[in-house]
Amino acid sequence: MNKWDERFMNMSETVAQWSSCFKPDRKVGAVIVKDKRILTTGYNGASSGILSCVEKGECLRVKLGIPSGTRHELCYAVHAEQNAIIQAAKLGVSVDGATLYCTHQPCTICAKMIINAGVKRVVYKYGYPDEFSMSLFEQAKVEVEKFEDLD
């Protein structure tokens, strides 16, 4: 880890605060960077035109008793990593060869998108119960690092 990693990880934590996720421990932020330049950002939240869980006053996953790391399709939110990649597509920005900084380890669905988008390195701070995503990154030869504070 270096000072640039620390700066971009701090930025992902700032972006996470924009999340509309109902659960405080699941506010996730992502920043995609290439050549020390921020290309896009993303945070987890409801799709455009859909009320968020905060606006609804409840979390669908909690209401249905869905365990963390499972049944991702039963959530109003789009993951932070997905939103960062979608933003790049909407803006016509290539993320090929970039680094993705994320507050949390990506899930399997996000890992597949990250791999196909051409991201070559992922740096995350907090774990997530999804070992298969780590296996996919290893098979695709995407460098994955758990962020450790420089202090």
Side-chain angles (χ1 to χ4, degrees), residues 1-54 59-61 68-150:
M1 296 293 134
N2 60 51
K3 270 295 198 200
W4 285 103
D5 289 332
E6 184 175 48
R7 289 173 181 143
F8 294 127
M9 184 55 66
N10 288 341
M11 177 64 80
S12 74
E13 291 179 321
T14 297
V15 172
Q17 297 311 305
W18 305 339
S19 169
S20 62
C21 186
F22 194 73
K23 299 182 332 190
D25 65 330
R26 284 293 175 231
K27 292 188 177 291
V28 180
V31 177
I32 301 179
V33 174
K34 189 170 183 180
D35 300 325
K36 299 179 184 172
R37 303 281 188 262
I38 295 172
L39 301 176
T40 63
T41 62
Y43 55 90
N44 56 327
S47 296
S48 298
I50 306 291
L51 289 178
S52 71
C53 292
V54 169
C59 172
L60 177 64
R61 295 177 60 76
S68 183
T70 66
R71 308 289 314 271
H72 296 108
E73 73 279 6
L74 291 176
C75 180
Y76 291 108
V78 176
H79 288 190
E81 306 94 317
Q82 295 169 5
N83 273 325
I85 292 168
I86 291 165
Q87 183 184 47
K90 282 182 76 170
L91 298 174
V93 175
S94 173
V95 297
D96 193 40
T99 297
L100 185 143
Y101 294 86
C102 194
T103 54
H104 294 69
Q105 173 196 319
C107 72
T108 296
I109 295 167
C110 290
K112 291 174 185 179
M113 291 180 68
I114 290 165
I115 292 164
N116 278 359
V119 170
K120 294 299 176 203
R121 180 174 176 241
V122 173
V123 180
Y124 71 93
K125 191 167 187 177
Y126 305 107
Y128 187 70
D130 192 337
E131 290 302 315
F132 188 56
S133 69
M134 300 303 271
S135 171
L136 291 173
F137 284 135
E138 186 178 329
Q139 291 175 57
K141 297 184 181 15
V142 172
E143 181 182 349
V144 179
E145 298 176 50
K146 186 172 189 315
F147 179 80
E148 302 293 336
D149 288 312
L150 295 176

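- The two atoms that bring Leu136 and Thr108 nearest to each other are CD1-CG2, 3.7 Å, heavy atoms only.
- Taking each heavy atom of Leu100 and Ala30 in turn, the nearest pair found is CD2-CB, 4.5 Å.
- Applying the salt bridge (charged side-chain N to carboxylate O under 4.0 Å, His left out) test between Asp5 and each of Lys146, Lys125, Arg121 identifies Arg121 as the sole match.
- In this structure, Gln82 has no side-chain hydrogen bond (donor to acceptor under 3.5 Å, both in side chains) partners at least two apart in sequence or on a different chain.
- Among all heavy-atom pairs drawn from Gly97 and Lys120, the shortest one is CA-CG, 3.6 Å.
- The CD1 atom of Ile32 sits 10.0 Å away from the OG1 atom of Thr99 when rounded to the nearest 0.5 Å.
- Side-chain atoms of Asn44 do not come within 3.5 Å of backbone N or O of Ser19 as any donor-acceptor pair.
- Below 30°, between 30° and 60°, or above 60°: for Tyr126 and His104 the angle between ring planes is between 30° and 60°, a tilted geometry.
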Can you list the steps and then say if Cys21 with Tyr43 is a side chain to side chain contact (heavy atoms under 4.5 Å, CB included)? CA-CA 9 Å; Cys21 186; Tyr43 55 90; over 6 Å; no
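- To the nearest 0.5 Å, atoms CZ (Arg26) and SG (Cys59) are separated by 10.5 Å.
- Taken from OG in Ser48 to CD1 in Ile86, the straight-line distance is 9.0 Å, to the nearest 0.5 Å.
- A side-chain donor-acceptor contact under 3.5 Å links Gln87 to the backbone of Thr41.
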Step by step, would you call Lys27 with Trp18 a side chain to side chain contact (heavy atoms under 4.5 Å, CB included)? CA-CA 8 Å; Lys27 292 188 177 291; Trp18 305 339; over 6 Å; no
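- At distances below 3.5 Å, not a single donor-acceptor pair connects side-chain atoms of Arg71 with backbone N or O atoms of Arg61.
- Evaluated for a side-chain contact (heavy atoms from CB on, under 4.5 Å) with Val31, the options Val15, Val123, Asn10 yield exactly one hit, Val15.
- A perpendicular orientation is assigned to the rings of His72 and His79, their planes being inclined by more than 60° (bins at 30° and 60°).
- Between Val122 and Pro106 the shortest heavy-atom distance is CG1-CG, 4.0 Å.
- Other residues, nucleotides and ligands place no more than 12 heavy atoms under 6.0 Å from the CE atom of Met11.
- In plain terms, the two heavy atoms of Gly45 and Ser20 that are nearest each other are CA-OG, 3.3 Å.
- Using modelled atom types, no side-chain atom of Asp35 and backbone atom of Arg37 make a donor-acceptor pair closer than 3.5 Å.
- Interatomic distance, CG of Leu39 versus CD1 of Ile85, reported as 11.5 Å (0.5 Å rounding).
- Using modelled atom types, no side-chain atom of Thr103 and backbone atom of Ser12 make a donor-acceptor pair closer than 3.5 Å.
- Paired with Ser133 under the rule side chain to side chain donor-acceptor pair (under 3.5 Å), one option of Gln105, Glu138, Lys112 passes, and it is Gln105.
- Across all non-hydrogen atoms, the minimal contact from Val33 to Ala98 is O-CB, 3.2 Å.
- Thr40 OG1 to Glu81 CD: the interatomic distance, rounded to the nearest 0.5 Å, is 11.5 Å.
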Show the numbers, then the answer: is there a side chain to side chain contact (heavy atoms under 4.5 Å, CB included) between Glu13 and Tyr101? CA-CA 9 Å; Glu13 291 179 321; Tyr101 294 86; over 6 Å; no
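- Note that the SG atom of Cys102 and the CZ atom of Phe147 stand 13.5 Å from one another [nearest 0.5 Å].
- Remark: Tyr124 OH is packed, more than 12 non-hydrogen atoms of other residues, nucleotides or ligands lying under 6.0 Å away.
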